[in-house]
**Student:** 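First the structure, then my questions, so here it is.
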Amino acid sequence: MLVIHPTDKTTEMLSILYEGLGARLIEADCSNKEMGHLLHHTSPSERIMLLGHGSDKGLFFRKSDEEEDFDGIIVGHPQAYYLRKHCGGIIGIWCHAMEFAKKEGLHGLFSGMIISEMSEAEEYGVATDKESMDRTNRIMFTQLRRLLDDGIPLHEIPERLKTLDTTQSELSRFNYERFYYL
């Protein structure tokens with residue numbers, strides 16, 4: 001499995017999804033050419049996880065984890081051609097990943113807006129605190145990892161994940177509803 005998860009303290013809980021699997025992990029920025037080469041040489045049968053922060057334009061990276069702003073896009077339109085070869089074997093979890101996938105004709109499991117920072121909770125009017133948000137997201141991604149480890153087909157995961165929401169908070173309902181299979 002290839003995992004592209006740019007280093008970011010606010011999304012480090014996503015490492016739950018690949019820890020201990022011996023995945024090839026890309027954490028630092030690559031040029032468009034380097035990323036294209038990497039994706040071109042990744043077998044279409046190999047799962048690809050794209051994790052972190054982003055938008056409908058793609059997956060972001062930042063050079064310094066201490067900075068708030070992002071430096072650019074590590075996986076975006078220039079890499080979509082290579083990602084299309086993976087015919088449903090992609091997992092993309094970042095804010096608005098689903099919109100990116102739809103626009104680029106990608107197939108797999110994608111997230112919509114996922115609240116992982118207090119500023120996002122405030123923006124979307126979701127009542128929570130930092131500790132509850134971190135705990136709820138760790139639980140959610142642990143449950144998602146369990147579904148993946150159990151070999152549940154990606155197209156079944158959005159509905160199955162919703163049934164696993166044991167927290168039943170405003171935040172958990174918001175986040176658990178934001179997984180889609182395209």
Side-chain angles (χ1 to χ4, degrees), residues 1-21 23 25-30 47-76 90-101 108-150 152 154 157-181:
M1 176 169 51
L2 172 64
V3 176
I4 301 170
H5 183 194
T7 302
D8 188 304
K9 62 186 172 230
T10 64
T11 66
E12 63 190 339
M13 92 286 287
L14 290 169
S15 64
I16 291 167
L17 297 173
Y18 58 84
E19 284 176 335
L21 295 179
L25 177 62
I26 306 301
E27 297 177 287
D29 179 33
C30 298
R47 176 164 285 163
I48 295 178
M49 281 189 183
L50 307 168
L51 309 170
H53 285 290
S55 74
D56 63 337
K57 305 270 188 264
L59 181 64
F60 295 160
F61 77 93
R62 57 169 67 109
K63 291 177 183 162
S64 170
D65 199 21
E66 301 304 314
E67 299 295 320
E68 192 164 314
D69 292 332
F70 295 97
D71 294 302
I73 295 175
I74 189 169
V75 176
I90 301 170
I91 297 172
I93 300 176
W94 72 83
C95 294
H96 309 293
M98 188 221 7
E99 289 88 345
F100 171 76
L109 179 68
F110 295 92
S111 69
M113 178 63 204
I114 298 284
I115 294 174
S116 63
E117 297 183 63
M118 287 305 297
S119 61
E120 295 167 340
E122 291 166 14
E123 180 181 341
Y124 284 86
V126 174
T128 191
D129 59 64
K130 175 90 170 95
E131 184 181 319
S132 297
M133 179 180 57
D134 291 346
R135 183 179 59 252
T136 298
N137 286 339
R138 268 193 310 277
I139 291 168
M140 180 177 68
F141 290 119
T142 299
Q143 290 167 330
L144 176 55
R145 168 69 185 264
R146 210 168 292 130
L147 292 171
L148 294 169
D149 286 351
D150 289 346
I152 303 302
L154 294 182
I157 288 179
E159 287 306 313
R160 288 214 188 183
L161 192 59
K162 286 178 208 173
T163 67
L164 297 174
D165 180 5
T166 56
T167 307
Q168 289 297 309
S169 67
E170 188 178 353
L171 173 69
S172 70
R173 284 188 295 276
F174 184 96
N175 281 350
Y176 279 73
E177 292 283 329
R178 301 304 191 282
F179 286 88
Y180 309 92
Y181 181 79

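Computation of the quantities below employed the complete heavy-atom set of this structure, encompassing side-chain atoms and omitting hydrogens, waters and symmetry-equivalent molecules. Computed from a predicted model, the values in this text were never measured in an experiment. Nothing fancy with the numbering, it's 1 onward along the sequence.
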**Student:** Do Thr167 side-chain atoms and Ser169 backbone N/O form a donor-acceptor pair below 3.5 Å?
**Tutor:**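 Side chain of Thr167 to backbone of Ser169, a donor-acceptor pair under 3.5 Å: no, none is there.
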**Student:** Assess whether a salt bridge exists between Glu12 and Lys9, defined as any Lys/Arg side-chain N lying under 4.0 Å from an Asp/Glu carboxylate O.
**Tutor:**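 A salt bridge is absent here (no side-chain N lies under 4.0 Å from a carboxylate O).
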**Student:** Which heavy atom of Asp165 sits nearest to which heavy atom of Arg173, and what is that distance?
**Tutor:**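 Answer, listing the atom of Asp165 first, then Arg173: OD2-N, 3.6 Å.
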**Student:** What's the spacing between Ile74 CD1 and Glu27 CD if we round to 0.5 Å?
**Tutor:**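 Ile74 atom CD1 to Glu27 atom CD measures 10.0 Å (nearest 0.5 Å).
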**Student:** Report the C-alpha distance between Asp134 and Lys130 in whole Å, list the side-chain angles of each, state the deciding distance to 0.1 Å, and finish with yes or no for side-chain contact (heavy atoms from CB on, under 4.5 Å).
**Tutor:** CA-CA 6 Å; Asp134 291 346; Lys130 175 90 170 95; 2.8 Å; yes
**Student:** Answer yes or no: is there a donor N or O on one side and an acceptor on the other, between the side chain of Arg145 and the main chain of Ile16, under 3.5 Å?
**Tutor:**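 Side chain of Arg145 to backbone of Ile16: a pair is present.
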**Student:** For the atom pair OH (Tyr176) and OG1 (Thr163), what is the distance rounded to the nearest 0.5 Å?
**Tutor:**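 That separation rounds to 9.5 Å.
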**Student:** At what distance, to the nearest 0.5 angstrom, does CD1 of Ile26 lie from CG of Leu59?
**Tutor:**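 That separation rounds to 12.0 Å.
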**Student:** Any non-hydrogen side-chain atom of Leu144 less than 4.5 Å from a side-chain atom of Leu164?
**Tutor:**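 Answer no - side chains too far apart.
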**Student:** Evaluate the ring planes of Trp94 and Phe100, with Trp represented by its six-membered ring, and classify them as parallel (under 30°), tilted (30 to 60°) or perpendicular (over 60°).
**Tutor:**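 It falls in the tilted class, 30° to 60°.
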**Student:** Please test Tyr180 against Arg178 for side-chain contact (heavy atoms from CB on, under 4.5 Å), starting from the C-alpha separation and ending with a verdict.
**Tutor:** CA-CA 7 Å; Tyr180 309 92; Arg178 301 304 191 282; 3.8 Å; yes
**Student:** Take atom CD in Glu131; do more than 12 heavy atoms of anything else shown fall under 6.0 Å from it?
**Tutor:**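 No - once you tally the heavy atoms of other residues, nucleotides and ligands closer than 6.0 Å, there are 12 at most.
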**Student:** Measuring from His53:NE2 to Ile114:CD1, what's the distance to the nearest 0.5 Å?
**Tutor:**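 Nearest 0.5 Å value for the NE2-CD1 distance: 11.5 Å.
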**Student:** At their closest point, which heavy atom of Ala23 faces which heavy atom of Val3, and how far apart are they?
**Tutor:**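 Nearest pair, atom of Ala23 first, then Val3: CB-CG2, 3.7 Å.
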**Student:** Can you name the closest pair of heavy atoms from Leu17 and Met49 and give their distance?
**Tutor:**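 Scanning both residues, the minimum pair turns out to be O-CE, 3.6 Å.
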**Student:** Within the supplied structure, the quantity of interest is the number of heavy atoms (other residues, nucleotides, ligands) at a distance under 6.0 Å from Lys162 NZ; does it exceed 12?
**Tutor:**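 Check passes, neighbour count above 12.
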**Student:** For the residue pair Ala97 and Phe110, what are the closest heavy atoms and their distance?
**Tutor:**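 Smallest interatomic distance, heavy atoms only, reads O-CD2, 4.0 Å.
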**Student:** Run the numbers on Phe141 and Leu14 for side-chain contact (heavy atoms from CB on, under 4.5 Å), then give the verdict.
**Tutor:** CA-CA 7 Å; Phe141 290 119; Leu14 290 169; 3.4 Å; yes
**Student:** What is the distance from atom CD of Glu177 to atom CE of Met113, rounded to the nearest 0.5 Å?
**Tutor:**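 With rounding to 0.5 Å, CD (Glu177) is 15.0 Å from CE (Met113).
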**Student:** Let me see the working for Arg47 and Leu154 under side-chain contact (heavy atoms from CB on, under 4.5 Å), right down to the final yes or no.
**Tutor:** CA-CA 11 Å; Arg47 176 164 285 163; Leu154 294 182; 3.7 Å; yes
**Student:** Begin with the C-alpha distance, continue with both residues' side-chain angles, and end with the deciding distance and a verdict on side-chain hydrogen bond (donor to acceptor under 3.5 Å, both in side chains) for His5 and Thr11.
**Tutor:** CA-CA 9 Å; His5 183 194; Thr11 66; 3.1 Å; yes
**Student:** Between Thr128 and Ser132, which heavy-atom pair has the shortest distance, and what is it?
**Tutor:**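 For Thr128 versus Ser132, the nearest heavy atoms are OG1-CB, 3.7 Å.
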**Student:** Contact between Glu120 and Phe174 at the side-chain level, heavy atoms closer than 4.5 Å - yes or no?
**Tutor:**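 Sidechains of Phe174 and Glu120: no contact.
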**Student:** Please find the pair of heavy atoms, one from Met13 and one from Ser116, that lie closest to each other, and give the distance.
**Tutor:**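 Closest approach of Met13 to Ser116: CE-CB, 4.4 Å.
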**Student:** In Å, rounded to the nearest 0.5 Å, how long is the span from CG of Asn137 to OG1 of Thr142?
**Tutor:**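 Between atom CG of Asn137 and atom OG1 of Thr142 there are 10.5 Å.
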**Student:** Side chains of Phe60 and Ile73: does their closest heavy-atom pair fall under 4.5 Å?
**Tutor:**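 Yes, side chains in contact.
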**Student:** I'd like to know if Asp150 and Arg146 make a salt bridge, using a cut-off of under 4.0 Å between side-chain N and carboxylate O.
**Tutor:**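 Salt bridge: no.
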